[in-house]
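Inspection log for the structure reproduced underneath, given as structure tokens.
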Amino acid sequence: VQLQAYGGGLVQAGGSLRLSCAASGRTFIRSAMGWFRQAPGKGREFVAGADWSGDSTAYADSVKGRFTISRDNAKNTVYLQMNSLKSEDTAVYYCAVSRWGVGSRVDGYNYWGQGTLVTVSS
């Protein structure tokens, strides 16, 4: 499985961005997917996850109500719509394939994309 995340960039606080993660391989359709982020000097943290259908989702408390994860299995792509962005959302964002279902543990994911940088200016 190969993952390619893109869509990051520089945005002002209060703005929006949509990240995309294109996956290769049949594993994608059967797998839960997640988005994580890593800010400078900090560990990687869970942001959002979706099961194989996209019907079951989970979010970190810090992004609930602002971020939305979705997926299009026909396009092998998972998305992260980010609204009302804050300076603390600045980080490299990674998509990943889950070993099992939707979860927040980093070690629960076994395939990772290369990351895309999101910078929110205040």
Side-chain angles (χ1 to χ4, degrees):
V1 177
Q2 291 186 324
L3 303 173
Q4 179 74 37
Y6 56 96
L10 175 64
V11 63
Q12 288 188 331
S16 298
L17 278 177
R18 187 175 82 155
L19 305 183
S20 301
C21 175
S24 64
R26 292 176 289 179
T27 302
F28 173 85
I29 294 175
R30 302 189 300 271
S31 301
M33 298 289 295
W35 284 98
F36 288 74
R37 67 187 181 186
Q38 187 163 13
K42 296 187 176 181
R44 193 166 296 190
E45 65 173 2
F46 174 77
V47 175
D51 72 350
W52 70 272
S53 69
D55 290 339
S56 178
T57 59
Y59 296 91
D61 288 343
S62 59
V63 307
K64 279 181 182 176
R66 300 188 298 122
F67 290 11
T68 302
I69 186 172
S70 62
R71 62 191 295 167
D72 184 340
N73 288 340
K75 296 181 179 180
N76 276 13
T77 301
V78 63
Y79 305 97
L80 185 68
Q81 177 67 43
M82 305 185 295
N83 299 327
S84 302
L85 283 161
K86 306 175 181 180
S87 57
E88 52 262 44
D89 295 319
T90 294
V92 177
Y93 283 72
Y94 300 89
C95 58
V97 177
S98 175
R99 299 175 188 269
W100 307 293
V102 178
S104 61
R105 292 171 58 101
V106 171
D107 62 3
Y109 293 76
N110 55 350
Y111 295 101
W112 293 82
Q114 86 291 355
T116 184
L117 176 63
V118 172
T119 303
V120 183
S121 63
S122 56

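Every value quoted in this text rests on a predicted model; they were computed, and no experiment measured them. Start at 1 with the first residue, then count along the sequence. We use all heavy atoms of the structure for the numbers below, so side chains are in, but hydrogens, waters and symmetry mates are not.
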Quiz item: To the nearest 0.5 Å, what is the distance between OH (Y79) and CH2 (W35)?
Solution: 10.5 Å
Quiz prompt | Electrostatic pair K86:D89 at N-O distance under 4.0 angstrom | solution = no
Quiz item: Is the backbone N or O of M33 less than 3.5 Å from a side-chain atom of S98, with the two atoms forming a donor-acceptor pair by type?
Solution: no
Quiz item: What is the minimum heavy-atom distance between A32 and G101, and which atoms define it?
Solution: CB-C, 3.6 Å
Quiz item: Donor-acceptor pair, R71 side chain versus D51 backbone, under 3.5 Å?
Solution: yes
Self-check item: From M82 atom CE to F67 atom CZ, the distance as rounded to the nearest 0.5 Å
Solution: 5.5 Å
Exercise. Give, for atom OH of Y94 and atom CZ of R37, the distance between the pair rounded to the nearest 0.5 Å.
Key: 13.0 Å
Exercise. Could you tell me whether a side-chain N or O of T116 sits under 3.5 Å from a main-chain N or O of G8, the two making a donor and an acceptor?
Key: yes
Quiz item: What is the distance from atom CG of N76 to atom CG of L3, rounded to the nearest 0.5 Å?
Solution: 10.0 Å
With a 3.5 Å cut-off and sequence neighbours excluded, list the donor-acceptor pairs that the side chains of residues 102-110 form with protein atoms.
{"from": "R105", "atom 1": "NE", "to": "D107", "atom 2": "OD1", "distance (Å)": "2.9"}
{"from": "R105", "atom 1": "NH2", "to": "D107", "atom 2": "OD1", "distance (Å)": "3.4"}
{"from": "R105", "atom 1": "NH2", "to": "D107", "atom 2": "OD2", "distance (Å)": "2.7"}
{"from": "Y109", "atom 1": "OH", "to": "G103", "atom 2": "N", "distance (Å)": "3.4"}
{"from": "Y109", "atom 1": "OH", "to": "G103", "atom 2": "O", "distance (Å)": "2.6"}

Self-check item: Neighbour count above 12 (heavy atom, 6.0 Å) for E45 CD
Solution: yes
Quiz item: Just wondering, do V118 and L19 contact through their side chains at under 4.5 Å, heavy atoms?
Solution: yes
Practice problem: Kindly compute the distance separating OG (S70) from CG (D55), expressed to the nearest 0.5 Å. | Solution: 11.5 Å
Quiz item: At what distance, to the nearest 0.5 angstrom, does CD1 of I69 lie from OH of Y59?
Solution: 6.5 Å
Quiz item: Where do L80 and Y93 land on the side chain to side chain contact (heavy atoms under 4.5 Å, CB included) test, with the steps shown first?
Solution: CA-CA 10 Å; L80 185 68; Y93 283 72; 4.1 Å; yes
Self-check item: Heavy-atom closest pair, residues G115 and V92
Solution: CA-CG1, 3.8 Å
Quiz item: Are V63 and V120 connected, step by step, through hydrophobic side chains (Ile, Leu, Val, Met, Phe, Trp, Tyr) whose heavy atoms are closer than 4.5 Å?
Solution: yes
Quiz prompt | Verdict with reasoning, C21 to T77, per side chain to side chain contact (heavy atoms under 4.5 Å, CB included) | solution = CA-CA 5 Å; C21 175; T77 301; 5.6 Å; no
Exercise. Check whether any side-chain N or O of T90 sits under 3.5 Å from a backbone N or O of E88 as a donor-acceptor pair, and report yes or no.
Key: no
Check: residues 11-18 side-chain donor-acceptor pairs under 3.5 Å, at least two apart:
{"from": "S16", "atom 1": "OG", "to": "N83", "atom 2": "OD1", "distance (Å)": "2.9"}

Quiz item: Considering residues at least two apart in sequence or located in another chain, which fulfil the ring-ring contact (aromatic ring centres under 6.0 Å, His included) criterion with W112?
Solution: F36
Quiz item: Under 4.5 Å between side-chain heavy atoms, hopping through other hydrophobics if needed: is there a path connecting V97 to V47?
Solution: yes
